[in-house]
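Have a look at the structure below before the remarks.
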Amino acid sequence: MGKAGIALVVSIAVAGWSLPGTSAPLSVRDSFRIGTDGSSLCSAQPLVNDPALTGMFDIGYSITCRDAALPIGKIYQLRTGNRDERLSKLRSRDIACSEPKAGSIEGLGEVRVIDCKLVEADVAYRAYEYSQRGYLFSAEGLTGYDSALRLGLRSIVEDRPVEGEVSIATTGIGDPGAFARIQAGTLDPSRALAEAYRRNNVGSYAEAAEFFASVSRASAGPISRAEASLNEALQKSNLGRYSEADAFFTRAEEQVSGNPIDGRRLRNYRAIHLLNQGMPDDALKELDKPVPKFAARGRIDGDDALAIDAVTAERLNTEKGVGEQLGSSSDELLPEEKAEILDGQALQLRGTSLRLQGDHAAAEVALRAADEKLEA
């Protein structure tokens, strides 16, 4: 994706953070919150050494949103030089734009709207421009964050935080899969993982695949590479791209390396892949395959000697929140509990496969056993 078009600023100054209710005008703050409500918390952070800023009266901000690793847009207040031409020239590096058209924003009235697309992806990008008091005010960024662009522009024009809801749009964003790819790149791995599972659950498989791909590329991801590859494979299968799914499953099998959890995911997801293709007989064969077992638990050899097995050691070193994990009130699942859930899912898949074969009695037995295991 184009770096200049989306203001890929890594260092973000946060010293001057002010709350919306503060009386100080934005012009004397270093940063400010955009909007007061909504599904995505965004803020404006000062830009440093941006090529659009050529005079001492020019001000620029990058727009960052909740858990975003990279900004999703920019806001400008420009006074000097050929301001329109300068911004247009900067956009043309990585963005293809149409001619400006008239539009309106609540609280401002008529504005210029410039609709664009990223050069390297079918993702919509939009700029709003407004002139007042000898300044050109501009807000631009990914169209999916249109509400943040509008509120950010109103805030800088009115020199105060404007109340309003910030949400991520699902229409007018270009290709949903491409937008998901760009969006996934702006999120930290944990947030991207949550988005991946959420979109899978609502049937947005192409978008889910992009988020899982982003997680799998992370150097310190919240899940194993095997789990990420398995989920990518499943999304490809759900989309009917079975050959691609086979390739991902082969890669994931090499990454499982005897892990009891990933081994069960591999079994279950392959069974789903086969059911997607209308192959219940092969799905049952997959479900009959053995899965990796947990290592033996640590034992006490003497009054003071404690041996910690490999599974427990790995959990202590890698699981989130060791104190919470060991606490009695922990809501996190132990590996063995995750395995129980996956085994329950396997029974559900067995019941589905048997039903598709016409063996309704055996299917009912398997499904009832799945319910009992999952309820336990």
Side-chain angles (χ1 to χ4, degrees), residues 189-190 192-194 196-201 203 205-206 208-218 220-296 309-311 314-315 318-319 332-354 356-357 366-367 369-370 373-374:
S190 295
L193 177 64
Y197 277 114
R198 185 181 70 80
R199 295 180 189 229
N200 171 78
N201 291 340
Y205 302 126
E210 298 296 347
F211 280 93
F212 280 120
S214 174
V215 174
S216 69
R217 290 191 294 268
I223 59 175
S224 68
R225 293 195 178 278
E227 181 177 349
S229 294
L230 284 167
N231 276 288
E232 283 188 80
L234 185 59
Q235 308 314 312
K236 301 293 185 184
S237 178
N238 289 338
L239 290 166
R241 293 153 63 174
Y242 302 128
S243 297
E244 291 181 57
D246 285 331
F248 275 103
F249 277 122
T250 299
R251 181 192 307 173
E253 186 172 12
E254 297 170 353
Q255 298 169 339
V256 166
S257 301
N259 183 289
I261 306 300
D262 289 334
R264 283 167 169 79
R265 284 198 184 93
L266 175 63
R267 171 198 63 192
N268 292 6
Y269 291 7
R270 265 188 171 159
I272 296 172
H273 174 50
L274 292 165
L275 288 173
N276 284 343
Q277 299 172 78
M279 303 165 64
D281 294 352
D282 292 325
L284 285 171
K285 293 177 183 177
E286 187 67 37
L287 293 169
D288 286 334
K289 291 182 179 180
V291 293
K293 297 181 179 180
F294 286 95
D309 64 294
V311 173
E314 180 181 4
R315 186 191 315 154
T318 62
E319 288 282 339
E332 292 190 25
L333 294 173
L334 297 173
E336 293 85 351
E337 293 168 332
K338 295 176 184 178
E340 285 291 309
I341 291 174
L342 290 168
D343 287 341
Q345 182 188 43
L347 285 169
Q348 289 179 326
L349 294 169
R350 181 177 298 278
T352 299
S353 300
L354 290 167
L356 290 172
Q357 286 183 329
L367 292 172
K373 181 175 285 291
L374 292 173

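All values below were derived from every heavy atom in this structure, side-chain atoms included, with hydrogens, water molecules and symmetry-related copies excluded.
A pairwise comparison of heavy atoms in Leu234 and Phe249 identifies N-CZ, 4.4 Å as the closest pair. Contact record, Thr352 with Leu367: N-CD2, 4.5 Å, taken as the closest heavy-atom pair. Taking both residues in full, the closest heavy atoms of Ser353 and Pro280 are given as O-CB, 3.7 Å, listed atom of the first, atom of the second, then distance. The heavy-atom pair separating Gln345 from Asn268 by the smallest distance is OE1-ND2, 2.7 Å. Here the shortest heavy-atom pairing between Gly263 and Pro292 reads CA-CD, 3.9 Å. Nearest heavy-atom pair across Phe294 and Ile261 is CZ-CD1, 4.0 Å.
Two residues are said to be in side-chain contact when any heavy atoms from C-beta on lie closer than 4.5 Å; Glu227 and Arg265 meet this criterion. Proximity of Lys285 to Leu274: side-chain heavy atoms (C-beta onward) are nowhere separated by under 4.5 Å. Considering only heavy atoms from C-beta on, Leu239 stays 4.5 Å or farther from Glu244 through its side chain.
Screening Ile341, Asn259, Asp343 against Arg264 for a side-chain contact (heavy atoms from CB on, under 4.5 Å) leaves a single residue, Asp343.
Ion pair Glu254/Arg251 not flagged as a salt bridge, since none of the NZ, NE, NH1 or NH2 atoms sits closer than 4.0 Å to an Asp/Glu carboxylate oxygen. Residues Asp288 and Arg350 are paired through a salt bridge, judged by an N-O separation under 4.0 Å between the basic side chain and the carboxylate.
Taking CG from Asn276 and OH from Tyr269, the interatomic distance works out to 13.0 Å, rounded to the nearest 0.5 Å. Put simply, CG on Leu354 and CG on Leu284 are 5.0 Å apart, with the number rounded to the nearest 0.5 Å. Here the straight-line distance linking atom CG of Asp282 with atom CG of Leu287 works out to 11.0 Å at 0.5 Å rounding. Taking CD of Glu286 as the reference point, atom CG of Leu349 lies at 10.5 Å (rounded to 0.5 Å).
In this structure, the side chain of Gln277 engages the main chain of His273 through a donor-acceptor pair within 3.5 Å.
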